S.K.: 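After the structure tokens below, expect a handful of questions from me.
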2 protein chains.
Amino acid sequence: MQSRTPAPRATGRPRSAAADAAILAATRAALVELGWSRLTLGDVATRAGVAKTTLYRRWAGKHELVVDAVAELFDELRVPDRGSLAADIEGVVLQFAAILARPEARNGLMGVVAEAARDDALRERIRGSIVERQKRLVVEGRARAQARGELPPEEDPRTAARTVDLIFDMVAGAVVHRCLVSSQPADADWAGSLTRVLLLGITGAAQNPAGSV
Amino acid sequence: MQSRTPAPRATGRPRSAAADAAILAATRAALVELGWSRLTLGDVATRAGVAKTTLYRRWAGKHELVVDAVAELFDELRVPDRGSLAADIEGVVLQFAAILARPEARNGLMGVVAEAARDDALRERIRGSIVERQKRLVVEGRARAQARGELPPEEDPRTAARTVDLIFDMVAGAVVHRCLVSSQPADADWAGSLTRVLLLGITGAAQNPAGSV
DNA sequence: CGCTTTCGCTACGGGTCGTAGCGTAACTGT
DNA sequence: ACAGTTACGCTACGACCCGTAGCGAAAGCG
């Protein structure tokens with residue numbers, strides 16, 4: 001999750017953990033004020049009260065820094081057990097929407113995703129520190145729904161994995177598209193409508209498995 | 001759709017239309033090779049065989065130029081009348097996925113969306129030249145389904161508009177998220193699964209309108 | 001107290017930005 | 001044919017940011 005943890009040796013002066021936190025916070029502040037393209041590492045260093053060289057010793061460049069800074073915003077994501085699959089979906093959607101309502105997330109996330117289209121290592125970093133953490137919510141919610149009997153217990157592991165991937169892309173994609181492209185609020189009404197369509201689609205497809213879903 | 005069409009006066013030397021096409025094509029080529037952040041206007045001008053100053057006379061900056069260059073990729077989007085709502089949805093999904101499979105679209109689209117989070121004018125430009133054109137596909141497909149009797153004819157115009165917005169964000173969001181974040185192919189199998197869930201959700205919600213969907 | 005690593009600071013070459021200035025090219029109206 | 005108007009190509013420029021190197025000082029450890 002951190003820069004790269006270069007096998008911390010027992011000797012020598014240790015790296016300042018406070019500097020890491022200050023740099024990531026300064027990065028988010030700069031994202032709010034300047035956006036992605038105008039954000040500069042020299043400015044981040046000044047905001048954090050840190051020399052520019054220190055920043056380059058910990059992160060390879062702008063991309064990796066912003067990924068780590070944005071990833072911390074998703075730490076608060078939890079799966080709320082509200083008793084029903086519908087309530088759980090709606091809760092996750094609203095949590096995700098609340099994060100995307102913050103300007104530092106809006107400005108930073110798309111920027112790193114744009115660069116990840118050409119950078120395999122960056123894409124893997126995003127997957128590990130942001131995407132996989134989100135996908136686990138879908139896995140957990142699905143497991144709980146199966147325990148409640150709202151969904152059939154388990155299928156072929158391969159089709160189950162594809163179903164999780166599909167639901168994840170639908171939920172996360174819809175929220176991101178709503179917030180960042182359509183630029184309209186993902187409020188409770190909208191989350192309810194999304195949940196209704198999604199739930200009918202999932203349970204209906206599960207009850208009528210004429211194919212793989 | 002063009003730069004800004006500054007009220008073309010009848011006098012003086014006219015702007016070269018060939019230069020516009022060359023610049024936009026060069027922009028797409030640069031997006032493929034360099035990605036979003038490494039793309040430079042000087043490089044685009046050289047590729048297009050055009051002076052850098054000419055480029056600045058037509059576009060205010062990198063953002064607007066890339067929006068216009070990417071927007072042309074969506075010109076080919078059509079609604080295929082395949083006889084059923086399911087087939088129409090699947091066709092649109094596959095068309096959209098085909099565009100997002102091109103590297104110039106992958107590299108450019110997220111970059112401009114990231115900047116649009118802070119730039120109202122840019123966001124409006126994207127909406128007019130890209131997003132609205134996509135949303136019309138949803139409107140058309142819905143109208144055809146209503147004509148076939150697959151969907152109830154018409155509701156309150158306000159809830160109808162919200163339904164269109166929701167479906168649009170779900171479809172476009174899922175395809176974008178699948179291609180650019182999960183970075184997995186949106187092939188026929190995946191499109192079929194997405195269509196199945198979506199269709200069940202839409203028709204089910206329409207038949208059981210306990211709320212607004 | 002030596003050893004090691006980090007830190008802050010300064011300085012640097014290289015690249016991009018966006019603009020200004022100038023002479024030339026293209027097209028229009030009389 | 002000629003003057004008027006606009007677009008074009010080219011060069012040059014200051015400003016900014018990048019990423020790195022070198023230095024002395026600070027902060028840990030044995």
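As the structure is a computational prediction, the values presented were derived from the model and not from experiment. Chain identifiers are assigned alphabetically (A, B, ...) following the order of the sequence lines, protein sequences preceding nucleic acid strands; residue numbering begins at 1 within each chain.
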S.K.: R15(B) has an atom CZ; how far is it from atom P of dC8(D), in whole Å?
M.R.: 6 Å
S.K.: Would you call R178(B)-D165(A) a salt bridge at under 4.0 Å N-O?
M.R.: no
S.K.: With no hydrogens and no angle check, just 3.5 Å: does a side-chain donor-acceptor pair link S183(A) and R127(B)?
M.R.: yes
S.K.: To check you understand the geometry: which heavy-atom pair defines the closest contact between L198(A) and M170(A), and what is its length?
M.R.: CD1-CE, 3.8 Å
S.K.: Could you check whether D120(A) pairs with R123(A) (Lys NZ or Arg NE/NH1/NH2 to Asp/Glu carboxylate O, under 4.0 Å)?
M.R.: yes
S.K.: Which letter, B, S or -, goes with each nucleotide of nucleotides 24-30 of chain D from 5' to 3', with contact meaning a protein heavy atom under 4.0 Å?
M.R.: --BBBS-
S.K.: What is the distance, to the nearest angstrom, from the CD1 atom on I23(B) to the C1' atom on dA7(D)?
M.R.: 12 Å
S.K.: Which value, rounded to the nearest 0.5 Å, describes the distance between R102(B) atom CZ and L73(B) atom CG?
M.R.: 5.0 Å
S.K.: Sugar-phosphate means primed atoms, P, OP1 and OP2; the rest is base. With that split, encode nucleotides 16-21 of chain C 5' to 3' as B, S or - using protein heavy atoms under 4.0 Å.
M.R.: SSBBB-
S.K.: Rounded to the nearest 0.5 Å, what separates atom CG in N107(B) from atom CD in E33(B)?
M.R.: 11.0 Å
S.K.: What class does the angle between the rings of F168(B) and H177(A) fall in, given that below 30° is parallel, 30 to 60° is tilted and above 60° is perpendicular?
M.R.: perpendicular
S.K.: Please check if the side chain of R144(A) supplies one atom and the backbone of G83(A) the other of a donor-acceptor pair under 3.5 Å.
M.R.: no
S.K.: Just by modelled atom types, is the A69(B) backbone N or O under 3.5 Å from a matching donor or acceptor in the R28(B) side chain?
M.R.: yes
S.K.: Using rotation axes that map the C1' atoms of four end pairs onto the next four (five pairs an end), what angle separates the end axes of the helix from dC1(C)-dG30(D) to dT30(C)-dA1(D), to 10°?
M.R.: 20°
S.K.: Can we say R82(B) and E90(B) salt-bridge, meaning some charged N sits less than 4.0 Å from an Asp/Glu carboxylate O?
M.R.: no
